[in-house]
*Asks:* 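Can you keep this structure in mind? I'll have questions shortly.
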Amino acid sequence: MPNNYSCSNCKNSNCLIRKHYDSESIQSFIKEKTAFRCNAEQQFILEGTPVSGLYFIYEGNVKVYRETANRESQIIRLSKDGEIVGHRGFGTNYKYDISASALSDCVLCHFPTETLIEMLHKKPELMFDFMLFYADQLQKSEANAKRFSRMSVKDKVINGLLFIYHKFGQTEGIFNITLSRKDIADFAGTAPDQVARVISSLKKEGFINAKGRKLGLAKPDELEESLGEDGYFLEG
DNA sequence: GCATTAATTGGTC
DNA sequence: GACCAATTAATGC
């Protein structure tokens with residue numbers, strides 16, 4: 001590899017490839033991996049495009065989304081270091097059914113489909129980890145579907161903010177991820193102006209920190225309690 | 001600093 | 001609660 005984004009330098013303990021990369025049997029496959037930089041806002045998977053393989057986030061934050069006919073978009077997942085992107089299309093689909101863009105400057109690793117398939121056959125432990133991963137994703141996506149029905153706009157937004165808080169954390173009271181109001185809206189399943197309203201009311205109640213456009217939670221625990229019994233969910 | 005773009009607020013259905 | 005318009009704030013150059 002021409003750069004230093006090799007698996008041996010990788011610090012993502014949650015990466016499935018990283019976990020098995022010492023194994024002799026898959027060395028030759030790992031050499032086929034390509035790593036590349038992706039600037040913030042840049043799209044690297046376009047819905048409807050032929051599946052080329054699987055992406056792993058070496059570094060950075062990414063959004064996975066789908067665009068509807070009238071140019072509305074729905075964020076399906078927010079992903080960070082070590083996570084897999086494009087797995088829905090892997091194996092069976094000919095085309096990607098989602099789009100993906102970088103939310104920050106990223107480094108992405110890419111494995112061609114054939115390479116990965118051969119590698120999975122060569123290394124049953126890796127195959128097993130992938131199976132667990134897919135099962136977990138399925139479970140989460142079902143939990144996710146539950147959330148979307150019957151929840152007020154305010155709760156959707158609060159839920160989204162709590163999710164961001166838990167997944168990405170915050171430093172000095174500000175989220176470790178940059179999201180526009182539109183991104184938050186697309187993630188929570190509402191419109192940006194609704195998000196703005198909820199945020200401004202939360203600000204008045206002292207639940208939110210703001211630095212310019214960036215946000216953070218001031219009292220996450222209390223905010224979490226303010227959601228009803230079945231309000232909060234955790235997904236990965 | 002200024003121009004561009006995003007966020008916010010208010011109003012209407 | 002969705003949609004639109006006007007104002008205001010933040011950011012990039």
*Asks:* Specify the separation, in whole Å, of atom NZ of A:Lys211 and atom C1' of C:dA9.
*Replies:* 18 Å
*Asks:* I want to verify a distance call: between C:dA9, B:dT9, C:dA2, whose nearest atom is closest to the A:Ser200 side chain?
*Replies:* B:dT9
*Asks:* What is the separation between atom NZ on A:Lys214 and atom C1' on C:dT11, rounded to the nearest whole Å?
*Replies:* 11 Å
*Asks:* Using atom CD1 of A:Ile199 as one end and atom P of C:dA10 as the other, report the distance to the nearest whole Å.
*Replies:* 14 Å
*Asks:* Output the rounded distance in Å from NZ (A:Lys182) to P (C:dC3).
*Replies:* 13 Å
*Asks:* Can you measure A:Gln194 atom CD to B:dG10 atom P for me and round it to whole angstrom units?
*Replies:* 15 Å
*Asks:* A:Ser152 side chain: which of C:dC4, C:dG1, B:dT5 is closest?
*Replies:* C:dG1
*Asks:* Tell whether A:Arg197 reaches the base of C:dG1 with its side chain through a donor-acceptor pair below 3.5 angstrom.
*Replies:* no
*Asks:* Could you please name the option among C:dC4, B:dA7, C:dA2 that lies closest to any side-chain atom of A:Thr190?
*Replies:* C:dA2
*Asks:* If you take all heavy atoms of A:Ile75 and A:Tyr65, which pair is closest and at what distance?
*Replies:* CA-CB, 3.8 Å
*Asks:* Can you measure A:Asp155 atom CG to C:dG1 atom P for me and round it to whole angstrom units?
*Replies:* 10 Å
*Asks:* Looking at every heavy atom in both A:Ile26 and A:His20, which two are closest together, and how far apart are they?
*Replies:* CD1-O, 3.3 Å
*Asks:* What verdict does the side-chain contact (heavy atoms from CB on, under 4.5 Å) test give for A:Tyr55 and A:Ile84, after you've listed the backbone C-alpha separation in whole Å, the side-chain angles of each residue and the deciding distance to 0.1 Å?
*Replies:* CA-CA 6 Å; A:Tyr55 294 87; A:Ile84 300 175; over 6 Å; no
*Asks:* Measure the distance from CG on A:Asp193 to P on C:dA5 and round it to the nearest whole Å.
*Replies:* 13 Å
*Asks:* Please tell me whether A:Phe163 and A:Phe187 form a close aromatic pair, meaning their ring centres lie under 6.0 Å apart.
*Replies:* yes
*Asks:* Quick one: A:Lys204 NZ to B:dT8 P, roughly how many Å, whole number?
*Replies:* 12 Å
*Asks:* Ignoring hydrogens, what is the shortest heavy-atom contact between A:Ser99 and A:Glu47? Give both atom names and the distance.
*Replies:* OG-N, 2.9 Å
*Asks:* Looking at every strand, decide which applies to A:Lys203 at a 4.0 Å heavy-atom threshold: base, sugar-phosphate, or nothing.
*Replies:* sugar-phosphate
*Asks:* Verify the contact: side-chain N or O of A:Arg181 to OP1 or OP2 of B:dT8, cut-off strictly under 4.0 Å; return yes or no.
*Replies:* yes
